[in-house]
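We name chains A, B, ... by the order of the sequence lines, and we start the count at 1 in each one.
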Protein chains: 2
Amino acid sequence: MLKLTKKADYGLIAMRHLAENSDLGACSSKDLADLYSIPQEALAKILQKLVKAKLLASQQGTNGGYVLARDPRLISALEVIRAIEGPLFITSCSSAKGDCSQSDRCTVREPLRKVNRTIEEVLSKLTVWELTESPEQSPVELVTLQQ
Amino acid sequence: MLKLTKKADYGLIAMRHLAENSDLGACSSKDLADLYSIPQEALAKILQKLVKAKLLASQQGTNGGYVLARDPRLISALEVIRAIEGPLFITSCSSAKGDCSQSDRCTVREPLRKVNRTIEEVLSKLTVWELTESPEQSPVELVTLQQ
DNA sequence: AAATCTCCGACTTATTTAGTCGCATATTGA
DNA sequence: TCAATATGCGACTAAATAAGTCGGAGATTT
């Protein structure tokens with residue numbers, strides 16, 4: 001269906017929060033989970049992935065938590081998504097070498113690859129900092145946009 | 001993971017084939033399935049959806065099959081994908097009104113909506129006709145691009 | 001009338017995603 | 001020093017989605 005998983009959503013939400021509240025020091029996974037009603041353990045694992053990808057820095061112990069490893073203006077949404085979900089492909093058959101029985105007959109992969117590159121470009125230009133600049137949307141507006 | 005389903009792939013492959021071989025008259029779902037090693041029944045249902053969306057015209061009976069309902073230069077990849085998969089959203093929580101417990105706290109939806117619009121724009125500019133113009137890619141090139 | 005093909009819905013299976021649990025390790029602060 | 005609090009990690013279960021199958025009805029040509 002061409003959509004991000006909740007894990008990616010959670011990761012982006014957490015990154016945005018940390019970018020917006022960087023002056024408050026480290027923020028624990030529990031605090032973040034409570035703030036946005038996200039299951040703690042699920043979020044913790046996501047944050048750990050972001051640490052591994054060097055997008056976050058962690059501090060253990062009492063009053064520990066997570067902080068951004070870099071200026072949010074230098075972190076792209078694509079980096080966050082990639083760290084959580086791995087490389088993204090719009091085509092369903094390009095994630096492994098020979099996993100697609102139609103591979104030798106697939107005639108649309110190359111055009112879709114171009115689309116893929118465009119999407120990556122858009123996501124790489126969207127920074128975590130820009131996520132904080134967007135205004136809150138009203139639920140009403142959301143619904144009307146959908147139909 | 002931000003990827004299309006196989007159904008969408010199948011649909012695009014079929015549309016491309018019909019665009020390339022429009023001079024040969026109608027093409028049955030069985031022929032298409034054999035040509036591209038796609039399960040017949042699965043493909044048949046996809047083609048039926050494309051008929052409902054008025055992208056294909058069907059002809060029943062002996063020697064029947066499917067033909068494009070319009071000039072392939074006037075059919076976009078987005079139309080094909082939408083007909084098969086329904087509306088596409090990059091966010092995981094925007095497919096229904098109140099299905100997301102974080103909805104009132106989701107701070108990244110609006111920025112992602114913009115990304116979504118960009119993707120739709122790209123896909124709407126890619127026509128079925130253009131799919132036929134792309135050269136066949138070599139499997140070797142594919143693998144090297146992945147890493 | 002028979003062969004061929006579209007059309008439609010229900011069903012099963014496989015894969016992916018989401019979330020949970022338990023335990024280990026590190027660090028702080030009283 | 002020791003208890004409290006936090007991250008780090010892997011295995012596990014449950015839910016959701018995708019993929020594919022099956023059976024039968026209706027349409028059209030030869």
Between D/dA19, C/dA18, D/dT21, which one does the side chain of A/K7 approach most closely? C/dA18
Presence of salt bridge, B/E121 and B/K125, under 4.0 angstrom: yes
What about B/K6, does its side chain sit under 3.5 Å from the base of C/dT15 through a donor-acceptor pair? no
Which of these nucleotides, D/dG20, C/dT20, C/dT6, is closest to any side-chain atom of A/E41? C/dT20
Grab the CD-P distance between B/Q48 and D/dA27 for me, whole Å please. 15 Å
Smallest separation among heavy atoms of B/A14 and B/L47, with atom names: CB-CD2, 3.9 Å
Salt-bridged, B/K3 to A/E85, with N to O below 4.0 Å? no
Between C/dT20 (P) and A/I46 (CD1): distance, integer Å: 12 Å
Taking 4.0 Å as the cut-off, does a side-chain nitrogen or oxygen of B/T5 come that near to OP1 or OP2 on D/dT17? no
Whole-Å gap separating P (C/dT17) and CD1 (A/I81): 14 Å
With heavy-atom distances below 4.5 Å as the criterion, would you say the side chains of B/I38 and B/L32 are in contact? no
Is any side-chain heavy atom of A/V122 closer than 4.5 Å to a side-chain heavy atom of B/I119? no
OP1 or OP2 of D/dG20 sitting under 4.0 Å from any side-chain N/O of B/Y10? yes
Got a donor-acceptor pair under 3.5 Å from the side chain of B/K45 to the base of D/dT21? yes
Could you check how far CG of B/L56 sits from C1' of C/dC7, rounded to whole Å? 14 Å
Out of D/dA19, C/dA18, D/dG8, minimum distance to the side chain of A/S58 belongs to D/dG8
Does the side chain of A/L55 reach to within under 4.5 Å of the side chain of A/K49, using non-hydrogen atoms? no
Write down the distance between NZ (A/K52) and C1' (D/dG10), rounded to a whole number of angstrom. 11 Å
To the nearest angstrom, how far is A/I84 atom CD1 from C/dA18 atom P? 11 Å
Could you verify whether a donor N or O on one side chain and an acceptor N or O on the other, from B/T127 and B/E130, lie under 3.5 Å apart? yes
Using a heavy-atom distance cut-off of less than 4.0 Å, which residues of residues 18-32 of chain B contact DNA chain C? B/S28, B/S29
When the distance from CG of A/L43 to C1' of C/dG19 is rounded to whole Å, what number comes out? 12 Å
Please determine if A/R113 and A/E110 form a salt bridge, counting it only when a charged side-chain N lies under 4.0 Å from a carboxylate O. yes
Should A/T107 and B/Y36 count as side-chain neighbours, where that means a heavy-atom distance under 4.5 Å? yes
Between C/dT15 (P) and B/K3 (NZ): distance, integer Å: 12 Å
Which letter, B, S or -, goes with each nucleotide of nucleotides 25-30 of chain C from 5' to 3', with contact meaning a protein heavy atom under 4.0 Å? -SBBS-
So do the side chains of B/L18 and B/C27 get within less than 4.5 Å of each other, counting heavy atoms only? yes
